[in-house]
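All residue numbers refer to positions in the sequence shown, counting from 1. Only a predicted model underlies this, so the values are computations on that prediction, with no experimental measurement involved.
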Amino acid sequence: MSHPTRLSGLEPLTIGDDSLFVNVGERTNVTGSRAFAKLILAGDYAGAVEIARQQVQNGAQLIDVNMDEAMLDSKAAMMRFLQLIAGEPDIARVPVMIDSSKWEVIEAGLKCVQGKGVVNSISLKEGESEFLRQARLVRRYGAAAVVMAFDETGQADSLQRKVEICERAYRLLTEKTGFPPEDIIFDPNIFAIATGIEEHNNYAVDFIAATRWIRQHLLHAKVSGGVSNVSFSFRGNDPVREAIHTVFLYHAIRAGMTMGIVNAGQLGVYDELDPELRERAEDVVLNRRPDATERLVSFADTYKTKAKVSSEDLAWRQRSVDERLSHALVKGIATFIIEDTEEARQKYPRPIEVIEGPLMAGMNVVGDLFGAGKMFLPQVVKSARVMKQAVAHLVPYIEAEKARSGNAGRPRGTVVMATVKGDVHDIGKNIVGVVLQCNNFEVIDLGVMVPGQKILDTARDRNADVVGLSGLITPSLEEMGRVAAEMERRGMLQPLLIGGATTSRVHTAVKIAPNFSGVTVYVPDASRAVGVVTQLLSAGSKSAYVAQVAADYERIRAQHAQKKGPTLIPLEAARANAWRTDWEHYAPSRPQLIGRREFRNADLGELAQFIDWAPFFQTWELAGRFPEILDDPVVGETARAVYAEGQSMLKRVIDGRWLTANGVVALLPANSVGDDIEFYANEARTRVAMTWRNLRQQNQRPTGKSNYCLADFVAPKTSGLADYAGAFAVTAGLGIERKLAEFEASKDDYSAIMLKALADRLAEAFAEWMHRKVRRELWGYASDERLGNAELIREEYRGIRPAPGYPACPDHAVKAELFELLEASKIGMWLSENYAMLPAASVAGFYLAHPEATYFAVGKIGEDQIEDFIRRSGRGDNAARQSFAATVQPMAS
């Protein structure tokens with residue numbers, strides 16, 4: 001007897017054994033669609049609704065809605081969007097797949113959908129109890145569920161594991177919750193094949209076999225999956241990816257695959273594929289021969305149409321020199337730039353006219369494309385590299401003319417930029433400088449850790465039109481406020497620009513702008529810098545723009561003043577609601593290593609395997625989840641190019657030992673004393689080596705929720721338990737200055753920014769590698785852990801590594817004691833006066849091993865807690881209040 005899956009929006013969708021393959025529309029997903037994410041983050045829900053409408057019009061039989069984005073209130077966004085599409089009959093006619101990694105978001109979505117939707121997803125990764133709890137709620141809400149082949153030990157990557165987990169989940173669902181079997185949709189995990197790693201060769205075969213087994217043995221259950229994963233190793237070669245998808249689905253659907261997330265643009269007709277390509281793709285998908293991968297790789301090159309591209313690439317060389325220069329700038333081609341610039345110099349009466357003529361014409365095209373969202377930051381920086389090389393060739397001739405005539409042309413304006421005192425981070429600032437230079441602004445970049453006096457003296461001496469301040473760490477915000485106040489004291493009139501990862505429009509309006517009677521403007525990213533500076537220096541638009549900014553910031557200040565903030569409770573009440581566990585029955589794991597150990601000249605090649613690539617794309621202002629970003633319809637082409645160039649430079653970094661990576665770890669006896677954690681110098685615990693002072697959540701928590709403090713996860717000294725904790729510091733930035741100097745000498749900003757981005761990624765990868773080594777060997781409490789890189793990135797391991805300056809430990813100043821404990825200077829690491837780590841590509845923090853240790857945000861604290869912290873730490877009233885200026889909130893009366 002048939003048991004079809006019945007879903008519905010306003011109209012029913014029945015999925016039975018005779019149904020065609022069901023396409024799930026994936027563009028209403030902030031992690032998979034840059035366009036959708038941009039609209040949601042901007043609050044343009046009307047535009048986001050239109051994307052949902054397009055999905056349905058284009059044939060999606062379900063739409064997948066995901067709001068998992070760090071800058072969103074995901075729960076509120078999910079509810080608002082689902083409520084909006086519920087009022088659109090042409091959208092609401094199809095069922096909704098509520099997609100989130102957070103159960104609270106899924107449950108909020110379930111309360112908003114009409115008809116019968118699908119939850120994506122539930123799994124056994126948190127154990128049977130939580131799995132069954134969620135399943136019962138899904139059933140109560142009347143939805144179907146995608147069940148991932150994922151259990152307490154990780155994702156299923158073999159046929160045996162897929163079958164084992166799916167069968168276990170099926171029995172639990174049907175026997176313990178009465179879950180209708182036709183409402184179970186298994187996702188047995190589609191992984192990339194043809195990667196060159198032998199263990200991956202059977203992934204597609206295992207998925208297809210698991211699908212067939214599920215349909216034969218787990219009666220009435222359905223099967224789904226994300227198809228694009230299977231071809232990931234051929235990213236950038238769409239014809240081959242299309243062939244792999246087509247062949248894979250041909251066999252998977254025949255085995256019983258019911259539905260999936262598929263890019264329709266990368267699907268073909270099985271019988272219409274090139275016969276040879278189809279055969280080689282089928283060899284790979286079905287793992288029919290040991291050399292299948294090598295044969296497809298060699299054949300794949302013929303589908304990149306290299307000869308055609310090469311011919312087209314050289315055709316532009318037949319154009320006029322002005323057109324060639326413009327083309328080179330727009331495309332970022334430096335191969336012929338010197339000879340073309342010299343030809344143009346001989347054509348024009350004055351060398352400056354080459355810059356003001358064809359070079360600026362080309363850069364204007366770049367600026368227009370960038371502003372219109374048709375060109376992306378990596379391409380702009382490449383264009384700037386070409387421009388700088390052309391200008392460098394012309395500079396001697398311009399200087400010679402200037403010596404003769406005293407005139408060599410004028411830029412549009414002069415901007416003095418610097419990373420403020422105590423801060424060493426400058427990638428974002430450098431990118432802003434490059435983009436401004438591309439638009440004919442003179443940029444005087446003073447570098448990092450620049451005292452306010454030097455910044456302002458330079459602005460005065462160079463008659464600058466604008467001053468720009470940048471910083472990443474939170475103490476930088478206070479320094480920016482001091483520089484603004486000094487500008488006021490000096491009576492300066494230049495506009496002040498504020499930028500950096502920890503800055504914001506609200507902070508600029510509330511904390512910085514009031515210190516300066518002139519105009520202060522927050523610049524969120526490089527794409528806005530040119531527009532802001534242009535308006536500030538335009539006689540026609542400056543007054544209106546300044547008035548608009550002033551009114552906007554006044555409105556922000558008024559709104560901020562009216563905000564009550566979270567309801568705080570007295571510190572003693574928060575401590576009474578601390579997280580508690582049964583210490584009497586807890587047995588701490590004693591580390592294999594007690595003490596300190598250095599790791600010098602770490603293998604960069606090994607570290608590279610632990611890289612999380614998502615932040616790499618954020619550096620280049622490309623938004624999207626990795627690896628899905630490589631196939632994004634908007635930024636995919638650019639993302640693929642910058643990723644390939646990043647991989648190419650990474651290989652050179654590793655092979656050429658451009659960078660040195662050193663690290664140090666210390667695992668020590670430790671106990672908590674109130675909200676502090678004491679590290680002991682010996683096993684007898686008679687001498688305290690360091691006391692880590694922590695803050696506690698002080699906001700009023702819902703019933704059953706604790707007010708967390710990191711000290712809660714270490715056994716109290718009064719318990720008599722011999723507990724332990726750890727500390728670490730790693731850097732991958734040693735030696736970077738030499739290579740950066742080479743790039744600077746060759747006017748190659750692109751390579752300099754790329755190297756800094758890769759050094760940051762390697763430092764984070766080092767931290768990941770080190771933590772795994774600690775868990776499995778040095779401490780050894782998870783010696784049997786076998787997690788892949790994706791699971792490590794998702795932090796699916798036991799224990800946490802909180803870092804100073806982050807939400808659970810907002811105190812940057814503790815890095816001074818941390819570095820002293822670790823003797824970090826011995827491995828080449830030190831701190832700036834504001835506790836920024838040097839080299840910049842560095843990571844430091846602590847290790848806590850309790851199985852229930854979790855990350856959290858301290859948030860706002862009360863005056864009673866800051867006074868208590870001052871008493872405990874002896875740090876001094878002014879220093880402590882300065883450290884937590886953004887954290888302290890007056891208690892409600």
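Taking the side chain as every heavy atom from C-beta outward, Val843 and Phe766 never approach each other to under 4.5 Å. Looking at heavy atoms from C-beta onward, Phe616 lies in side-chain contact with Met754 at the 4.5 angstrom threshold. Here the side chains of Asp552 and Arg505 are in contact, with some heavy-atom distance below 4.5 Å. At a threshold of 4.5 Å between non-hydrogen side-chain atoms, the residues Ile40 and Glu69 do not count as touching. Under the 4.5 Å side-chain criterion, counting only non-hydrogen atoms from C-beta, Gln54 is not in contact with Arg27. Put simply, the side chain of Val521 does not reach to within 4.5 Å of the side chain of Leu496, judged on heavy atoms. Annotation: side chain of Arg490 is in contact with side chain of Arg460 (closest heavy-atom distance under 4.5 Å). Side-chain atoms of Leu469 and Met417, non-hydrogen and from C-beta on, never get closer than 4.5 Å to each other.
Neither side chain, Glu795 nor Tyr855, offers a donor N or O lying under 3.5 Å from an acceptor on the other. A side-chain N or O of Glu488 and one of Ser517 form a donor-acceptor pair less than 3.5 Å apart. In this model, no donor atom of one side chain and acceptor atom of the other lie less than 3.5 Å apart for Thr619 and Arg761.
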**Message:** salt bridge (Lys or Arg N to Asp or Glu O under 4.0 Å), that's the test. Do Arg53 and Glu50 meet it? Break it down for me.
**Reply:** CA-CA 5 Å; Arg53 196 186 317 279; Glu50 286 307 306; 2.9 Å; yes
**Request:** Quick one: do Tyr643 and Phe626 satisfy ring pair (Phe, Tyr, Trp, His ring centres under 6.0 Å)? Show the steps, please.
**Result:** CA-CA 10 Å; Tyr643 181 59; Phe626 180 80; 5.3 Å; yes
**Item:** Thr503/Leu477 under side-chain contact (heavy atoms from CB on, under 4.5 Å): CA gap, chis, key distance, verdict
**Value:** CA-CA 7 Å; Thr503 59; Leu477 304 180; 3.5 Å; yes
**Request:** Decide yes or no on side-chain contact (heavy atoms from CB on, under 4.5 Å) for Tyr522 and Leu497, but give the supporting numbers first.
**Result:** CA-CA 6 Å; Tyr522 168 62; Leu497 305 186; over 6 Å; no
**Request:** Could you go through the side-chain contact (heavy atoms from CB on, under 4.5 Å) check for Met649 and Ser751 one step at a time?
**Result:** CA-CA 8 Å; Met649 180 177 282; Ser751 294; 3.8 Å; yes
**Request:** Tell me, with the steps shown, if Ser101 and Arg794 meet side-chain hydrogen bond (donor to acceptor under 3.5 Å, both in side chains).
**Result:** CA-CA 11 Å; Ser101 59; Arg794 290 195 297 268; over 6 Å; no
**Verdict with supporting geometry, Val642 and Tyr750, side-chain contact (heavy atoms from CB on, under 4.5 Å)** = CA-CA 10 Å; Val642 76; Tyr750 182 79; 3.6 Å; yes
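Atom CD of Gln389 sits in a crowded spot, with more than 12 heavy atoms from other residues, nucleotides or ligands closer than 6.0 Å. The neighbour count for Tyr835 OH, taken as heavy atoms of other residues, nucleotides or ligands under 6.0 Å away, does not exceed 12. With a 6.0 Å radius and a threshold of 12 heavy atoms from other residues, nucleotides or ligands, Glu833 has its CD atom above the threshold. In Lys511, the NZ atom is not crowded: 12 or fewer heavy atoms of neighbouring residues, nucleotides or ligands sit closer than 6.0 Å. The 12-atom threshold is exceeded at CD of Gln559, counting heavy atoms of other residues, nucleotides or ligands nearer than 6.0 Å.
Salt-bridge check for Glu442 with Arg412: failed, with every basic side-chain N at 4.0 Å or more from each acidic carboxylate O. One finds a salt bridge joining Glu554 and Arg557 here, because a Lys/Arg side-chain nitrogen approaches an Asp/Glu carboxylate oxygen to under 4.0 Å.
Scored by the side chain to side chain contact (heavy atoms under 4.5 Å, CB included) test, Lys388 finds Gln437, Lys747, Asp749 as partners (sequence neighbours excluded). Residues satisfying the side chain to side chain contact (heavy atoms under 4.5 Å, CB included) test with Asp465, not counting sequence neighbours, are Thr414, Leu537.
The residue from Leu758, Thr731, Leu659 that alone fulfils the side-chain contact (heavy atoms from CB on, under 4.5 Å) condition with Ile736 is Leu659. Under the side-chain contact (heavy atoms from CB on, under 4.5 Å) test applied with Leu436, the options Val532, Asp445, Val533, Val466 reduce to a single match, Val533.
We find the CG-NZ distance between Leu329 and Lys331 to be 12.5 Å, quoted to the nearest 0.5 Å. Considering OG of Ser74 and CD of Glu104, their distance stands at 8.5 Å, rounded to 0.5 Å. Atom-to-atom distance recorded for Arg385:CZ and Ile333:CD1 is 11.0 Å, nearest 0.5 angstrom. Taken to the nearest 0.5 Å, the CZ atom of Phe516 stands 13.5 Å off from the CZ atom of Arg489. Remark: Arg801 CZ to Tyr806 OH distance equals 10.5 Å, nearest 0.5 Å. Rounded to the nearest 0.5 angstrom, Ile512 CD1 and Glu478 CD are separated by 9.0 Å.
In this structure, Lys75 contributes its side chain and Val105 its backbone to no donor-acceptor pair below 3.5 Å. Panel note: side chain Asn66, backbone Asp99; a donor-acceptor pair is recorded below 3.5 Å. A donor-acceptor contact shorter than 3.5 Å links the side chain of Gln697 to the backbone of Ala857. The closest donor-acceptor contact from the side chain of Asn834 to the backbone of Lys421 lies under 3.5 Å. Between the side chain of Ser538 and the backbone N or O of Lys542, no donor-acceptor pair lies under 3.5 Å. A distance-only check finds no donor-acceptor pair linking the side chain of Thr28 to the backbone of Ala52 [under 3.5 Å]. Of the possible donor and acceptor atoms, one in the side chain of Thr534 sits under 3.5 Å from a partner among the backbone N and O of Val530. Judged by distance alone, the side chain of Glu768 and the main-chain N or O of Ile611 form no donor-acceptor pair under 3.5 Å.
Aromatic pair Trp620/Phe617: ring centres not closer than 6.0 Å.
Across all their heavy atoms, Val730 and Ala763 have their closest contact at CG2-O, 3.7 Å.
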